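Structure first, commentary second.
Keep in mind that the numbers below use all heavy atoms, side chains included, and drop hydrogens, waters and symmetry copies. Positions are given from 1, in the same order as the sequence printed here. Predicted model, so just to flag it, every value in this text is computed and none were measured.
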Amino acid sequence: MPPLHLPRPRLLHLLNPRRHASTAAGASPRTLFWKARLALVSAAHALVFTSAGIYLLKSQLLAISGPIDRTPSLPPADSPESVHTLATIAAALATHPLYRALCADPAFHPPAPSWPATLDPAVRARKLTAGTLAGAKRIMASTVFVARDHTRTVSFMSLGTALCGYPNVVHGGVSATVLDEALGRLAALQFADGMRPVTARLVCNYRRPVEAGGTGAGVGSREWGGGEGGVGWLEMLGGLEGKRVRFVVVRCEVAAMEGPRKCRVRGTIEDEAGHVLVQSEGLFVVPRGWSPEKLDTL
């Protein structure tokens, strides 16, 4: 029986025509026309979708940027300004519905007192998130709820404008640091005393911008975003009482124990409405051959 030859689809024929003995060395004008048309249509589609993506990104950033904080300096963490800021934010957090629901949830331990107030100044000087990054316009709240079975944590944080890349958008490296700290804290609870895990792998997927902390009037409001005429930070906080402060919620859970020295955990940064802003998964291992010094506090 002679072999059966099926006709080739026209598009494949145009993209890769077979050469026959009777075919000239160059492609026919019709083939060149269809190739050029296909390339032109593809380029047009790429241009349209790229332009739409740029427009949507730009509109999203403009929607949350607002006036840029131009206050001249960062107050030290122990300054009256920072102390007042952290106390004001802590008072606002204590009335937050999500916070109060977790306080009443029997599955979680009561929250530990928020740092840096609980840390000795000498200890705080050696810390990143509880020292260098803590204070007015930086990390202004960080309260952690730990599940009684040690498989979950929920943290409330308020991140200030000094932690931003784009105006009023928290830098992606800060978001990764926040997740690394939260995931590592939970992973450490899975090991026996004396076993101190370190980060082996951290993967972050950024879904939406993380907005810097502010009031219900908006991130870019004059009360919070800093604004014009040399308005000081305390002066901007003067109208904060009675207004809703913006927080983010960091949720972590144990994904799996992979042997006696490895723990895989995952977590998210969410806004108060539950929208996922950043997703992350980390692998924490207890290293062999060396051990980091014991943490002053978790």
Side-chain angles (χ1 to χ4, degrees), residues 57 60-61 64 93 98-99 102 107-109 111-112 114-115 127-134 138-147 149-166 168-191 195-213 219 246-259 261-287 292 295 297-298:
L57 177 61
Q60 176 70 12
L61 290 178
I64 64 175
L93 177 59
L98 293 176
Y99 176 91
L102 282 173
F108 286 87
H109 290 288
S114 181
W115 51 256
K127 297 291 184 181
L128 178 62
T129 53
T132 303
L133 297 181
R138 290 159 284 185
I139 297 178
M140 298 174 289
S142 181
T143 300
V144 184
F145 289 83
V146 180
D149 61 3
H150 289 178
T151 62
R152 294 177 293 154
T153 60
V154 180
S155 306
F156 291 86
M157 305 187 78
S158 182
L159 307 174
T161 54
L163 303 178
C164 293
Y166 287 107
N168 299 319
V169 179
V170 174
H171 193 286
V174 174
S175 298
T177 298
V178 166
L179 283 163
D180 182 49
E181 185 93 355
L183 295 172
R185 179 188 295 112
L186 178 58
L189 297 176
Q190 311 309 308
F191 297 98
M195 299 181 71
R196 298 166 192 151
V198 296
T199 309
R201 182 175 67 247
L202 182 69
V203 179
C204 295
N205 296 318
Y206 297 87
R207 304 288 300 275
R208 299 185 181 192
V210 179
E211 300 184 37
V219 170
R246 191 187 306 278
F247 295 98
V248 294
V249 182
V250 184
R251 301 182 186 272
C252 301
E253 63 180 3
V254 176
M257 290 296 295
E258 300 179 356
R261 307 177 71 88
K262 295 182 181 181
C263 178
R264 184 161 51 87
V265 287
R266 53 176 172 252
T268 58
I269 297 178
E270 303 174 3
D271 63 16
E272 297 169 71
H275 299 126
V276 175
L277 309 177
V278 187
Q279 293 175 312
S280 181
E281 183 170 300
L283 177 65
F284 292 81
V285 303
V286 176
L295 289 171
T297 179
L298 283 177

_V285 and R261, any side-chain heavy atoms less than 4.5 Å apart_ = no
*asked:* Less than 4.5 Å apart, side chain to side chain, heavy atoms only: is that true for L163 and H171?
replied: no
_Minimum-distance pair of heavy atoms, taken over all atoms of A147 and F108_ = N-CD2, 3.5 Å
_Counting C-beta onward and ignoring hydrogens, is there a side-chain heavy-atom pair between L159 and I139 closer than 4.5 Å?_
yes
*Minimum heavy-atom distance between V170 and S175, given as atom pair plus value*: CG1-OG, 4.0 Å
*Of all heavy-atom pairs between C263 and V254, which one has the smallest distance, and what is that distance?*
SG-CG1, 4.2 Å
*Between atom OG1 of T129 and atom CG of D180, what is the distance when rounded to the nearest 0.5 Å?*
9.5 Å
*Roughly how far apart are T153 OG1 and L189 CG, rounded to 0.5 Å?*
8.0 Å
*Decide yes or no for E258 and L283: does some side-chain heavy atom of the first lie under 4.5 Å from some side-chain heavy atom of the second?*
yes
*Nearest-0.5 Å distance, CG of residue L277 to OG1 of residue T268*: 8.5 Å
*Could you tell me whether the side chain of S155 reaches within less than 4.5 Å of the side chain of R185, counting heavy atoms only?*
yes
_Just so I know, are the side chains of V265 and C252 near enough to count as touching, which here means a heavy-atom distance under 4.5 Å?_
no
*Any donor and acceptor pair, going by atom type alone, linking the side chain of S280 with main-chain N or O of V203 inside 3.5 Å?*
yes
*asked:* Check E272 with R246, please: is the shortest side-chain N to carboxylate O separation under 4.0 Å?
replied: no
*Going by the side-chain hydrogen bond (donor to acceptor under 3.5 Å, both in side chains) test, name the single residue among H275, R251, Q279 that passes it with E270.*
R251
*asked:* Once rounded to the nearest 0.5 Å, what's the spacing between atom CZ of R201 and atom CZ of R264?
replied: 8.0 Å
*Taking all atoms of both residues into account, what is the closest heavy-atom pair of M157 and V178, and its distance?*
SD-CG1, 3.4 Å
_H150 and H109 aromatic ring geometry - parallel, tilted or perpendicular at 30°/60° bounds_ = tilted
_For V278 against C204, the heavy-atom pair lying closest together_ = CG1-CB, 4.3 Å
*Roughly how far apart are R152 CZ and F145 CZ, rounded to 0.5 Å?*
12.5 Å
*asked:* Measuring from atom OG1 of T143 to atom CG of L93, what distance do you get when rounded to the nearest 0.5 angstrom?
replied: 5.0 Å
_For F156, is there any backbone N or O sitting under 3.5 Å from a side-chain donor or acceptor partner on Y99?_
no
